[in-house]
Amino acid sequence: QKEVEQDPGPLSVPEGAIVSLNCTYSNSAFQYFMWYRQYSRKGPELLMYTYSSGNKEDGRFTAQVDKSSKYISLFIRDSQPSDSATYLCARARTGNQFYFGTGTSLTVIP
Amino acid sequence: ETGVTQTPRHLVMGMTNKKSLKCEQHLGHNAMYWYKQSAKKPLELMFVYNFKEQTENNSVPSRFSPECPNSSHLFLHLHTLQPEDSALYLCASSQARDAGNTIYFGEGSWLTVV
């Protein structure tokens with residue numbers, strides 16, 4: 001079983017829609033979770049990080065962690081064409097161990 | 001300069017060439033990484049350096065040779081590569097600590113082997 005599982009999509013939504021991106025993870029060791037946005041031919045950009053269950057909000061973005069079900073989500077409100085990118089979820093364990101999902105490709109249609 | 005800077009951004013090399021990728025981080029981190037990202041594939045960890053010491057080599061072929069002269073700089077020396085090595089090579093950095101890490105990536109170096 002992979003450390004982090006992510007639906008690759010692709011996901012296509014109209015502008016203004018609420019987007020939900022989801023990942024599951026398999027190990028319950030110390031958890032630190034991150035979401036990255038990667039535009040085509042660019043490196044991943046850190047969007048949000050959290051280590052606790054519940055919601056963390058930053059502008060139009062909300063990261064949600066449910067440790068009981070080992071589920072992490074990223075919600076994008078009022079989606080814009082500029083949000084079109086691949087979104088990667090990741091979790092960090094102790095030290096330098098990082099585990100990444102395969103990424104979900106999102107297209108927001110004007 | 002802020003964040004993680006990689007040069008060159010694009011590189012085309014023949015299979016007999018020798019080239020190097022360079023990475024510099026301005027975040028005060030003490031761990032640096034090389035990742036490979038191929039089309040439609042997840043990130044593949046290649047090498048990890050903590051405080052200039054290599055702590056992980058993820059079964060990478062010897063035609064890839066990393067060098068970390070200090071905690072801020074990382075190189076990836078390339079020689080006799082194969083066409084299947086064409087990919088986006090990402091440098092990243094983080095703090096090397098027991099808990100609570102985030103990892104930051106550079107823009108990547110697009111490598112094409114012809």
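Here is how names work: the chains are called A, B, and so on, in the same order as the sequence lines, proteins then strands, and each is numbered from 1. Every value quoted in this text rests on a predicted model; they were computed, and no experiment measured them.
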Query raised in the report: Do you know which of B:T55, B:N50, B:V48, B:L88 has the most heavy-atom pairs with chain A at a distance under 4.5 angstrom?
Result: B:N50
**Report entry** Atom group of B:Q37 that falls short of 4.5 Å from chain A, counting heavy atoms
**Finding:** side chain
Query - Residue B:I103 versus chain A: region with a heavy atom under 4.5 Å - result: both
Query raised in the report: Any chance the side chains of A:Q6 and A:T104 put a donor and an acceptor closer than 3.5 Å?
Result: yes
Query raised in the report: Does the side chain of B:H29 come under 3.5 Å of the side chain of B:S94 through a donor N or O and an acceptor N or O?
Result: no
Query raised in the report: Are A:F98 and B:F105 close enough that their ring centers fall under 6.0 Å?
Result: no
Report task. Examine whether an atom of A:F33 lies under 4.5 Å from a heavy atom of chain B, and if so say whether it belongs to the side chain, the backbone or both; otherwise answer neither. Result -> neither
Query raised in the report: Would A:R77 and A:E57 pass as an ion pair if we require N to O under 4.0 Å?
Result: yes
Report task. Hey, can you tell me if B:Y35 and A:F100 have their rings parallel, tilted or perpendicular (30° and 60° cut-offs)? Result -> perpendicular
**Report entry** Most contacts with chain B, counted as non-hydrogen pairs under 4.5 angstrom, among A:M34, A:R41, A:Q38
**Finding:** A:R41
